[in-house]
Amino acid sequence: MISYEKALSIVLEQARRISATETCALTDACGRVLAEDVAAPRDIPPFDRVAVDGYACRGQDIGGELEIIGVLPAGHEPVGSVSAGKCIKVMTGAILPAGADRVFMVEDARETPDGRRVRFTGDERAARRGNYAARGEDRKKGAVVLQKGTRIETRHLTILASLGAARVPVMTRPLVGILATGDELVEPGIEPLPHQIVNANAYQTAAQLRDCGVLSRYFGIVKDDREGLVRAIGEARDACDLIILSGGVSAGDFDFVPQAFAANGYVTRFDRVAIKPGKPTTFAVAGERALFGLPGNPVSVFITFELLVRPFLSALLGSPFTPRILPLPLGEETRRADAERDTMVLVRLAEGRVFPLPNNGSGDYTTLAVADGMIRLPAGSPQLVKGTLVDVRSF
Ligand code: AMP
Ligand code: MG
């Protein structure tokens with residue numbers, strides 16, 4: 001049996017070894033992880049950019065009537081320069097004409113009926129506004145605007161598009177195969193017989209994987225039968241970079257999963273971790289491919305995914321996973337019978353305090369509905385008094 005920290009270092013090392021990059025179209029970049037720093041290819045904005053529809057002139061000329069010597073829409077080359085007593089009518093987004101250091105808004109202006117002259121009619125404050133963005137004021141050419149490791153969201157896409165990135169360097173997303181094992185399992189929507197259980201893990205894992213920004217494929221329920229398991233794992237191995245399988249990794253008479261891993265060329269890196277729940281968690285590798293065998297209880301699968309699979313996938317995607325930790329006081333005394341392993345306990349947060357959720361052994365799962373996070377009770381601490389500060393790992 002190895003410690004959680006040792007298990008984590010083994011999976012992270014494997015992730016770093018097989019991490020890869022590629023490029024994707026800008027339109028496909030949302031949800032991907034940026035593989036390189038992205039720098040501004042030119043100043044932002046690239047020229048002194050007019051911010052209102054109005055008249056560009058010299059600040060000291062604003063009081064008098066000005067001659068309009070040209071009209072400049074956005075996207076057009078400059079038309080002449082502004083000198084004393086003159087102005088150019090400009091539109092939002094146009095380049096500020098040479099000689100001008102002020103733009104007054106059409107709302108603060110009155111043109112002569114022939115449209116050849118204009119007078120500023122606004123107040124003193126409006127007269128002082130430049131109403132243009134200076135070249136490079138947002139960022140200078142060459143400055144890093146987006147950092148490697150950024151998970152690309154809508155707002156990052158805005159920037160990538162503005163910088164002209166038609167293709168985006170991103171981390172390669174692994175395809176993750178999901179398998180649920182157990183003779184007792186039926187899919188949601190099928191009426192379970194009294195001795196049957198509805199498969200929750202496959203759906204839970206698929207949702208967690210989606211949240212991690214990776215691709216997944218579900219291979220269905222596999223019976224607790226050696227040949228069937230060998231075949232199903234082989235099929236998933238051929239199609240996927242990673243397999244996440246639940247159930248069958250314990251020491252039961254029909255737990256054939258470890259044998260089926262070995263039959264498919266996987267070498268076990270660990271198969272016992274000193275955490276509760278999650279002791280029989282298994283990690284195995286076959287060349288560039290990896291596999292997690294998680295114990296069958298949905299809460300165990302949930303927790304071991306958060307503790308080991310999520311950090312593995314984050315590392316694979318080039319952005320180290322840092323859990324959100326909130327140090328908060330326990331709202332009530334917490335006891336447990338078995339304090340031999342580090343224990344992960346689901347908790348609810350209320351009024352800034354932490355309330356461990358009851359769990360009779362590791363099979364109950366309905367408290368997941370109200371769990372805000374989990375805490376780790378270190379081995380050898382059977383009792384924690386109310387008020388003890390604990391680190392809550394929030395979901
Ligand atoms: P196992 O790890 O196969 O011994 O399973 C441990 C417990 O988890 C058993 O009570 C199983 O019925 C339950 N279990 C296993 N797989 C699933 C699943 N996919 N969905 C819900 N419960 C499961
Ligand atoms: Mg089973």
Side-chain angles (χ1 to χ4, degrees), residues 1 7 176-211 216-233 235-236 240 242-264 266 268 270-284 291-310 338 341 343-346 357-369 371 374:
M1 189 139 75
V176 184
I178 303 169
L179 272 77
T181 75
D183 282 352
E184 73 279 35
L185 300 179
V186 294
E187 296 291 10
I190 307 278
E191 188 64 39
L193 297 171
H195 54 277
Q196 291 181 321
I197 291 291
V198 182
N199 171 20
N201 294 342
Y203 303 93
Q204 172 180 269
T205 301
Q208 282 170 307
L209 290 172
R210 202 175 315 122
D211 188 47
S216 72
R217 185 186 305 173
Y218 177 40
F219 287 84
I221 294 169
V222 190
K223 296 274 185 216
D224 292 315
D225 129 70
R226 193 178 180 283
E227 294 318 309
L229 276 166
V230 171
R231 219 177 312 116
I233 291 168
E235 192 193 331
C240 302
L242 175 70
I243 297 176
I244 297 179
L245 172 149
S246 66
V249 289
S250 313
D253 282 356
F254 302 95
D255 290 342
F256 297 119
V257 168
Q259 298 170 35
F261 294 164
N264 278 294
Y266 286 95
T268 298
F270 57 79
D271 59 6
R272 290 286 179 274
V273 184
I275 46 171
K276 184 182 175 157
K279 183 164 119 184
T281 298
T282 300
F283 181 64
L291 174 158
F292 283 94
L294 307 180
N297 281 309
V299 172
S300 308
V301 175
F302 186 92
I303 289 176
T304 49
F305 186 104
E306 293 301 321
L307 291 178
L308 290 166
V309 183
R310 191 183 289 275
D338 167 16
R341 278 177 280 155
T343 304
M344 307 305 302
V345 179
L346 296 178
L357 292 163
N359 170 279
N360 300 318
S362 42
D364 293 354
Y365 58 82
T366 58
T367 50
L368 270 176
M374 58 187 175

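Whatever order the structure lists them in is the order used to number ligands and atoms, beginning at 1. In this text the structure is predicted, and so the values were computed from the model without any measurement.
Short contacts between ligand 1 and Asn297, defined as distances under 4.0 Å to a heavy atom of the residue, involve ligand atoms 6 (C), 7 (C), 8 (O). Below 4.0 Å from some heavy atom of Val198 lie the following atoms of ligand 1, by number and element: 20 (N), 21 (C). Heavy-atom proximity to Gly248, at under 4.0 Å, picks out these atoms of ligand 1: 1 (P), 2 (O), 3 (O).
Using a 4.5 Å cut-off on side-chain heavy atoms (C-beta onward), Leu229 and Gln259 make no contact. A 4.5 Å side-chain heavy-atom check between Asn199 and Glu187 finds at least one atom pair inside the cut-off. Put simply, the side chain of Gln196 does not reach to within 4.5 Å of the side chain of Ile190, judged on heavy atoms.
Phe283 pairs by the ring pair (Phe, Tyr, Trp, His ring centres under 6.0 Å) definition with Phe270, Phe292, Phe312, not counting sequence neighbours.
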Counting only pairs under 3.5 Å, give me each side-chain donor-acceptor contact of residues 247-256, with atom names and distances, residues two or more places apart or in other chains.
residue, atom, partner, partner atom, Å
Asp255, OD2, Ser250, N, 3.4
Asp255, OD2, Ala251, N, 3.4
Asp255, OD2, Gly252, N, 2.7

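Checking Ser250, Pro188, Ala251, Ala200 against atom 4 (O) of ligand 1, the nearest heavy atom belongs to Ser250.
Under 4.0 angstrom from ligand 1, the non-hydrogen atoms of Pro298 all belong to its side chain. At a heavy-atom distance under 4.0 Å, only side-chain atoms of Leu185, from C-beta outward, approach ligand 1.
Counting protein heavy atoms only, atom 18 (C) of ligand 1 is closest to Asn201 ND2, 3.1 Å. Nearest protein neighbour of atom 19 (N) of ligand 1, counting heavy atoms only, is Asn199 OD1, 2.9 Å. The closest protein non-hydrogen atom to atom 9 (C) of ligand 1 is Glu184 OE2, 4.0 Å. Nearest protein neighbour of atom 23 (C) of ligand 1, counting heavy atoms only, is Gly296 O, 3.4 Å.
Counting only N and O atoms by type, the side chains of Glu306 and Gln208 include a donor and acceptor under 3.5 Å apart.
No option in Val257, Asn201, Ile243 other than Ile243 meets the side-chain contact (heavy atoms from CB on, under 4.5 Å) test with Leu179.
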